[in-house]
Amino acid sequence: MRFSLFVHMERWNDEVPHQQAWDDLVELTQLAEEGGFSTVWIGEHHAMEFTASPSPFPQLAYLAAKTERIRLGAGTVIAPFWHPVRAAGETALLDVISKGRAEIGVARGAYQFEFDRLAGGLSARDGGSYLRELVPAMVKLWEGDYAHDGEHWQFPTSTAVPNPVQQSGPPVWIAARDPNTHDWAVEHGYNIMVTPLSKDDDEVVDLMNKVNTAVANHPEVEGRPEVMVLRHTIVHPADEPEGWRPGAEAINRYYRTFGAWASNKQTPERGFLEPLPEADFADKPEYSPEALHRSAIIGTPEEVTARVRSYEELGYTEFGFWIDNSMTHAEKRASLELFLREVVPNFQ
């Protein structure tokens with residue numbers, strides 16, 4: 001099992017300046033590298049302070065100069081917002097800057113809020129066809145001269161400039177949830193990243209079953225893809241019986257804010273939206289702190305080790321430590337340090 005850090009600049013009000021939020025992100029990444037994490041992942045989100053990240057590439061390029069070993073993952077870029085030539089070139093440039101440490105994840109997109117602003121109101125549900133066209137074109141551009149005549153993009157002969165350092169190009173990951181996406185990713189030889197969000201471990205099992213089905217459907221493809229599971233993760237000391245509660249309440253706040261953005265019914269003020277009220281979740285017990293204690297990875301080092309071990313036994317090859325959770329930077333750092341000190345060594 002490899003470990004990776006999934007992190008964004010996270011602001012809940014104006015008390016933390018953007019510069020401080022960025023410095024905090026750099027510190028967490030450097031801690032992750034020192035503790036043996038394989039990769040840091042930064043995604044793409046627009047006009048949202050609680051996940052401030054209009055592009056992962058400049059952030060990862062900066063981190064390339066502040067780190068030595070950790071791999072640098074754009075995870076994920078939103079396919080309908082990227083032209084293949086641009087996606088191929090920027091990923092290849094990151095690979096050059098980092099001396100071959102770049103990886104890229106691609107998703108269809110989720111927030112209609114973003115599609116209304118960057119894609120002319122295209123339905124977020126229609127992003128899958130863009131993903132299936134973007135990724136193969138990007139890979140072809142890494143390989144050399146390539147002209148494209150597709151449904152969404154057309155361009156004459158082009159190539160990725162600069163060329164990527166990694167001989168076969170940076171590893172490609174596909175954010176997958178439905179069986180068709182799993183099947184497409186396996187068929188084309190791409191890695192898979194999955195996010196159970198607030199669902200319990202039955203969803204973790206189901207997502208791996210989709211991978212296994214896709215692998216069985218494509219015996220012509222050699223080997224299995226790498227599969228990463230991304231989970232909100234908070235570790236507390238073993239001598240704190242109620243130590244799980246602050247983390248569970250913080251993740252509850254995170255998902256209520258996620259819900260406010262996903263509902264796309266409010267107009268944000270300077271990039272902020274208030275979390276949906278607790279009353280709106282009265283009929284959704286899976287979002288209660290008690291339920292999140294069971295579904296998210298929240299617990300003592302021993303408890304967290306057991307959960308991660310069960311994922312490894314299912315066949316997951318990378319565990320994404322999702323550190324965005326509405327807690328303070330000091331609380332996040334303490335949780336990550338405890339994970340690095342008392343969980344990671346159990347897998348080495």
Q) Side-chain donor-acceptor pair under 3.5 Å between E331 and H236, yes or no? A) no
Q) Does the ring of F347 carry R309 above it, NZ/CZ under 6.0 angstrom from centre and within 45° of its axis? A) yes
Q. Any chance the side chains of R101 and T67 put a donor and an acceptor closer than 3.5 Å?
A. yes
Q) How many angstroms lie between atom CZ of F113 and atom CG of L273, to the nearest 0.5 angstrom? A) 7.0 Å
Q) Are L93 and V106 grouped together when hydrophobic residues (ILVMFWY) are joined by side-chain heavy atoms under 4.5 angstrom apart? A) no
Q: Following the transitive rule for hydrophobic clusters with a side-chain heavy-atom cut-off under 4.5 Å over Ile, Leu, Val, Met, Phe, Trp and Tyr, establish whether W322 and V194 coincide in one cluster.
A: no
Q | Between T213 and H182, a side-chain donor and acceptor under 3.5 Å | A | no
Q.
So which atom in T39 and which in G73 form the shortest heavy-atom distance, rounded to 0.1 Å?
A. CG2-N, 4.0 Å
**Q.** Non-hydrogen atoms of A175 and T76 that approach each other most closely
**A.** CB-CG2, 4.2 Å
Q. How far apart are the C-alpha atoms of E68 and K99, what are their side-chain angles, what is the distance that settles it, and do they pass the salt bridge (charged side-chain N to carboxylate O under 4.0 Å, His left out) test?
A. CA-CA 10 Å; E68 296 178 358; K99 297 180 173 61; over 6 Å; no
(Q) If I take atom CD1 from residue I323 and atom CG from residue L336, how far apart are they, to the nearest 0.5 angstrom? (A) 4.5 Å
Q | Salt-bridge present (D280, R256; N to O < 4.0 Å) | A | no
(Q) Contact between T91 and W142 at the side-chain level, heavy atoms closer than 4.5 Å - yes or no? (A) yes
Q.
Keeping T159 on the side-chain end and G144 on the backbone end, is there a donor-acceptor pair under 3.5 Å?
A. yes
Q. If only atom types and distance count, is the side chain of S4 paired as donor or acceptor with the main-chain N or O of S38 below 3.5 Å?
A. no
Q | Donor-acceptor contact below 3.5 Å, side chain E286 vs main chain K199 | A | no
Give every donor-acceptor pair under 3.5 Å between a side-chain atom in residues 77-84 and any protein atom, sequence neighbours left out.
unit_1, atom_1, unit_2, atom_2, d
W82, NE1, E44, OE1, 2.8
W82, NE1, E44, OE2, 3.4
H83, ND1, V85, N, 3.0

Q: Say whether, by atom type as modelled, one donor and one acceptor occur between the side chain of E133 and the main chain of E151 under 3.5 angstrom.
A: yes
Q) Is there a path from V205 to I192 through hydrophobic residues (I, L, V, M, F, W, Y) whose side chains come within less than 4.5 Å of each other? A) yes
Q) Hey, is the main chain of A260 close enough, under 3.5 Å, to the side chain of Q266 for a donor-acceptor pair? A) no
Q: Tell me, yes or no, whether the heavy-atom count around E242 atom CD, taken from other residues, nucleotides or ligands under 6.0 Å, exceeds 12.
A: yes
Q | L122 with Y111, same ILVMFWY side-chain cluster at under 4.5 Å | A | no
(Q) For a quick test of reading the model, state the closest non-hydrogen atom pair linking L72 to L60 and the distance between them. (A) CD1-O, 3.8 Å
Q. Taking the side chain from N252 and the backbone from Y287, do they hold a donor-acceptor pair closer than 3.5 Å?
A. yes
Q) Just wondering, are more than 12 heavy atoms of other shown residues or ligands nearer than 6.0 Å to CZ in R270? A) no
Q | Distance in Å, I104 CD1 paired with N191 CG, rounded so as to fall on 0.5 Å steps | A | 12.5 Å
Q: Taking all heavy atoms of M228 and all of M193, pick out the closest pair and write down the distance.
A: CE-CE, 3.3 Å
**Q.** Spacing of OG1 belonging to T29 relative to CG belonging to L5, to within rounding of 0.5 Å
**A.** 5.5 Å
(Q) More than 12 heavy atoms of other residues, nucleotides or ligands under 6.0 Å from CD of E240: yes or no? (A) yes
Q | Salt bridge flag under 4.0 Å for residues R341 and E337 | A | no
Q) Do you know which two heavy atoms are closest between R253 and S326, and how far apart they sit? A) CD-OG, 3.6 Å
Q. Once the angle between the rings of H8 and F6 is folded into 0 to 90°, is it parallel (under 30°), tilted (30 to 60°) or perpendicular (over 60°)?
A. perpendicular
Q: Treat each ILVMFWY residue as a node, draw an edge where side-chain heavy atoms are under 4.5 Å apart, and state whether L340 and I298 are in one component.
A: no
Q) Is the closest basic N to carboxylate O distance between E27 and K66 below 4.0 Å? A) no
**Q.** Donor-acceptor contact below 3.5 Å, side chain T157 vs main chain Y146
**A.** no
Q) Which residue, F321, W173, F3, F319, forms the ring-ring contact (aromatic ring centres under 6.0 Å, His included) with W41? A) W173
Q) For the side chain of H232 and the backbone of D324, is there at least one donor-acceptor N/O pair under 3.5 Å apart? A) yes
(Q) So which atom in F155 and which in S158 form the shortest heavy-atom distance, rounded to 0.1 Å? (A) CD1-OG, 3.8 Å
Q: Step through the shown structure and confirm whether more than 12 heavy atoms of other residues, nucleotides or ligands are within 6.0 Å of CD on Q154.
A: yes
Q) Between R231 and D201, is the closest basic N to carboxylate O distance under 4.0 Å? A) yes
Q: Please check if atom NZ in K210 has more than 12 non-hydrogen atoms from other residues, nucleotides or ligands closer than 6.0 Å.
A: yes
Q. Sub-3.5 Å donor-acceptor pair from the side chain of E312 to the main-chain atoms of M1, do we have one?
A. yes
**Q.** Side-chain donor or acceptor of T233 paired with backbone N/O of I297 under 3.5 Å
**A.** no
(Q) With a 4.5 Å cut-off on side-chain heavy atoms, are I42 and L25 touching? (A) yes
Q: Using the side-chain contact (heavy atoms from CB on, under 4.5 Å) rule, pick out the option among M48, M9, Q59 that qualifies with S53.
A: Q59
(Q) Quick check on salt bridge (Lys or Arg N to Asp or Glu O under 4.0 Å): which of E226, E103, E318, E33 does R71 satisfy it with? (A) E103
(Q) In terms of relative ring orientation, are H188 and W184 parallel, tilted or perpendicular, with 30° and 60° separating the classes? (A) tilted
Q.
Using side-chain contact (heavy atoms from CB on, under 4.5 Å), reason through R177 and T195 one step at a time and then give a plain yes or no.
A. CA-CA 8 Å; R177 180 168 296 278; T195 307; 4.3 Å; yes
Q) What class does the angle between the rings of F50 and W261 fall in, given that below 30° is parallel, 30 to 60° is tilted and above 60° is perpendicular? A) parallel
(Q) If the condition is side chain to side chain donor-acceptor pair (under 3.5 Å), which residues does S263 pass it with, not counting sequence neighbours? (A) none
